[in-house]
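Beneath this line is the structure, given in structure tokens, with notes to follow.
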Amino acid sequence: MTIPGGTYVTTAQAKAQFDKGAVFIDSRVPAEYAEEHIKGATSVVYREKHSKVSTIDPEDKMDLAKLPADKAKPLVFYCNGSPCWRAYKGAVMAIKAGYSKVNWYRDGLPAWKAAGHPVE
């Protein structure tokens, strides 16, 4: 439950980030995002060669241009919770690209909804 250069956040911590205006990054595929996502989240799909593993493959892709230009802006990456690793891998890519306030919300959308937090 750690991420080098970033912060692992619980549902309560993710909600606190949400309330402070952090940018939520939905790493899931477009159809999942279209069906439902955390309110105001930005879709930045993480395309992975190997799902259900935390290892980043050289063929993995994420459009970093969709992230905020301000690399100091707090970001919260999420996906479908365990066993989804897209949010973790996307967060790692953002950290490597120079983003300084990267949060990994491991429990993701299922826990967010279970807590009654806003979705759209």
Side-chain angles (χ1 to χ4, degrees):
M1 298 300 191
T2 62
I3 182 165
T7 305
Y8 165 86
V9 293
T10 64
T11 300
Q13 291 166 322
K15 180 62 165 73
Q17 290 287 331
F18 180 86
D19 291 343
K20 290 179 188 172
V23 176
F24 275 65
I25 306 296
D26 188 317
S27 305
R28 303 171 308 146
V29 299
E32 292 172 310
Y33 177 84
E35 183 177 315
E36 188 172 49
H37 55 271
I38 292 175
K39 185 175 181 168
T42 301
S43 176
V44 183
V45 179
Y46 187 91
R47 299 190 191 285
E48 59 191 348
K49 183 173 181 181
H50 304 288
S51 63
K52 299 185 176 48
V53 295
S54 62
T55 307
I56 296 174
D57 188 275
E59 293 181 31
D60 287 3
K61 305 257 187 284
M62 183 178 78
D63 187 356
L64 293 169
K66 290 187 175 183
L67 297 179
D70 179 359
K71 292 189 175 185
K73 181 79 175 160
L75 306 176
V76 178
F77 284 79
Y78 76 92
C79 54
N80 286 324
S82 182
C84 179
W85 285 97
R86 287 180 173 165
Y88 175 85
K89 294 176 194 180
V92 168
M93 282 189 135
I95 291 164
K96 287 181 178 178
Y99 287 86
S100 61
K101 295 179 183 168
V102 177
N103 299 277
W104 171 42
Y105 179 30
R106 174 74 171 126
D107 296 329
L109 186 61
W112 184 266
K113 285 174 40 180
H117 298 321
V119 295
E120 56 186 12

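For the single chain, residues carry numbers from 1 onward in sequence order. Bear in mind the structure is a predicted one, so any value in this text is a computation, not a measurement.
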Requested in this report: Could you list the residues that satisfy side-chain hydrogen bond (donor to acceptor under 3.5 Å, both in side chains) with Lys101, not counting sequence neighbours?
Outcome: none
Requested in this report: Return the set of residues passing side-chain hydrogen bond (donor to acceptor under 3.5 Å, both in side chains) with Lys113 (not counting sequence neighbours), or none when no residue passes.
Outcome: Glu36
Quick check: closest heavy atoms across [X] and [Y], and the distance to 0.1 Å?
X: Asp107; Y: Ala111; answer: CB-CB, 3.5 Å
X: Lys66; Y: Thr42; answer: O-CG2, 4.2 Å
X: Cys79; Y: Pro110; answer: O-CD, 4.2 Å
X: Ser100; Y: Ala72; answer: OG-CA, 3.6 Å
X: Ile38; Y: Tyr78; answer: N-OH, 3.0 Å

Query raised in the report: Is the backbone of Ala41 close enough, under 3.5 Å, to the side chain of Tyr33 for a donor and an acceptor to pair up by distance?
Result: yes
Query raised in the report: Tyr88: which other cluster members, linking ILVMFWY side chains closer than 4.5 Å, directly or transitively?
Result: Met1, Ile3, Tyr8, Val23, Ile25, Val44, Tyr46, Ile56, Met62, Leu64, Leu67, Leu75, Phe77, Trp85, Val92, Met93, Ile95, Tyr99, Val102, Trp104
Query - Partners passing side chain to side chain contact (heavy atoms under 4.5 Å, CB included) against Lys39 (at least two apart in sequence or in another chain) - result: Phe18, Pro118, Glu120
**Report entry** With Asp57 via side chain to side chain contact (heavy atoms under 4.5 Å, CB included) - residues at least two apart
**Finding:** Lys49, His50, Glu59, Asp60
Report task. Indicate yes or no: at least one non-hydrogen side-chain atom of Thr11 is less than 4.5 angstrom from one of Tyr105. Result -> yes
Query raised in the report: Linking I/L/V/M/F/W/Y whenever any side-chain heavy atoms sit under 4.5 Å apart, do Phe24 and Val119 land together?
Result: yes
Report task. Quick one: list whatever passes salt bridge (Lys or Arg N to Asp or Glu O under 4.0 Å) with Arg28, sequence neighbours left out. Result -> Asp26
**Report entry** side-chain contact (heavy atoms from CB on, under 4.5 Å) between Arg106 and Ser82, worked out
**Finding:** CA-CA 7 Å; Arg106 174 74 171 126; Ser82 182; 3.5 Å; yes
Query raised in the report: Could you give the distance from OG (Ser27) to CD (Glu32), rounded to the nearest 0.5 Å?
Result: 10.5 Å
Report task. State, without any angle test, whether Gln13 and Thr10 hold a side-chain donor-acceptor pair at a distance under 3.5 Å. Result -> yes
